[in-house]
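Note that these values count all heavy atoms, side chains included, but never hydrogens, waters or copies made by symmetry. The model shown is predicted, which means the values in this text are computed figures rather than measured ones. In each ligand, atom 1 is the first atom listed, and ligand 1 is the first ligand listed.
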Amino acid sequence: MAPKIAIVFYSMYGHIRKLAEAEKAGIEKAGGTCDMFQIPETLPKEVLAKMYAPGQPGDIPLLEDPATLEQYDAFLLGIPTRYGNFPAQWKTFWDKTGGQWMKGSYYGKMAGFFISTASLGGGQESTAIAAMSTLTHHGIIYVPLGFAKASEQMSDLAEVHGGSPWGAGTFTSGDGSRQPSAKELEIANAQGASFYETVAKYTG
Ligand SMILES: Cc1cc2nc3c(=O)[nH]c(=O)nc-3n(C[C@H](O)[C@H](O)[C@H](O)COP(=O)(O)O)c2cc1C
């Protein structure tokens, strides 16, 4: 049976959402399907206004209840970096998963990451490493992107690009004006496809 995959992301300004869509296209290219969810906002409206946050789009369901993920085999998690780590919105979600942790409801499921930072050195790898602790405590198996499936794009130094063996990535610039490049979207697409193939191999 084809594996059930959820793409779960938080995106304040839309960069991670664009990577999420490229990941989804990659899963579909490889013959799979997936469902998309957004991590709910936790900041007050007044703070969001000061951050020029446009608000969460209404076309992708909010993941309010962690039990929803129990029915999936694997998750691709989209994380915009905060201080080299995942944001409070993501932490709030994980902090609601004590029941799943107690029962082992996520144990043995698989997960990968894709990440956005403002800049080079802004913490794409450190965010993935920090998030791995949460996976580890749940017994969720980390599936890295590795190099092999997007080595041409990742090793091309002719232009600035995000993404690493830890997962696809984009650079947004400090004011958010940079959008995911074609190369970064290709890496995200390759990750979607390879993630699906890996999960299918071990859950089929
Ligand atoms: C409070 C805060 C902390 C941030 N910390 C970092 C950081 O450590 N490194 C970095 O490169 N970018 C940092 N950023 C920029 C975000 O990573 C960037 O806005 C985000 O990746 C954009 O993704 P989105 O459009 O999907 O929301 C920070 C942004 C905020 C608001």
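Transitive grouping of hydrophobic side chains (ILVMFWY, heavy atoms separated by less than 4.5 Å) keeps Tyr142 and Phe9 in distinct clusters. Residues Phe195 and Leu19 fall within the same hydrophobic cluster, defined by Ile, Leu, Val, Met, Phe, Trp and Tyr side chains chained together at heavy-atom separations under 4.5 Å.
Met102 belongs to a hydrophobic cluster whose other members, connected by ILVMFWY side-chain contacts under 4.5 Å either directly or through intermediates, are Trp101.
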Please report, to 0.1 Å, the donor-acceptor pairs under 3.5 Å made by any side chain of residues 107-130, with sequence neighbours excluded.
residue : atom : partner : partner atom : Å
Lys109  : NZ   : Glu70   : O            : 2.9
Lys109  : NZ   : Tyr72   : O            : 2.6
Thr117  : OG1  : Ser119  : O            : 3.1
Thr117  : OG1  : Gln124  : NE2          : 3.1
Gln124  : OE1  : Gly163  : N            : 3.1
Gln124  : NE2  : Thr170  : O            : 3.0
Ser126  : OG   : Gly84   : O            : 2.9
Ser126  : OG   : Gly123  : O            : 3.2
Thr127  : OG1  : Thr81   : OG1          : 2.8
Thr127  : OG1  : Gly84   : O            : 3.4
Thr127  : OG1  : Gly123  : O            : 2.7

Without placing hydrogens or testing angles, list every side-chain donor-acceptor pair under 3.5 Å for residues 153-161, not counting sequence neighbours.
residue : atom : partner : partner atom : Å
Gln153  : NE2  : Glu186  : OE1          : 2.9
Ser155  : OG   : Ser151  : O            : 2.4
Asp156  : OD1  : Ala158  : N            : 2.8
Asp156  : OD2  : Lys183  : NZ           : 2.8
His161  : NE2  : Gln153  : O            : 3.2
His161  : NE2  : Met154  : O            : 3.4
His161  : NE2  : Asp156  : O            : 3.0

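Taking a heavy-atom cut-off of under 4.0 Å, ligand 1 is surrounded by Ser11, Met12, Tyr13, Gly14, His15, Ile16, Met51, Pro80, Thr81, Arg82, Tyr83, Gly84, Ser116, Thr117, Ala118, Ser119, Gly122, Thr172.
Taking the six-membered ring for Trp, Phe75 and Tyr106 have ring centres closer than 6.0 Å.
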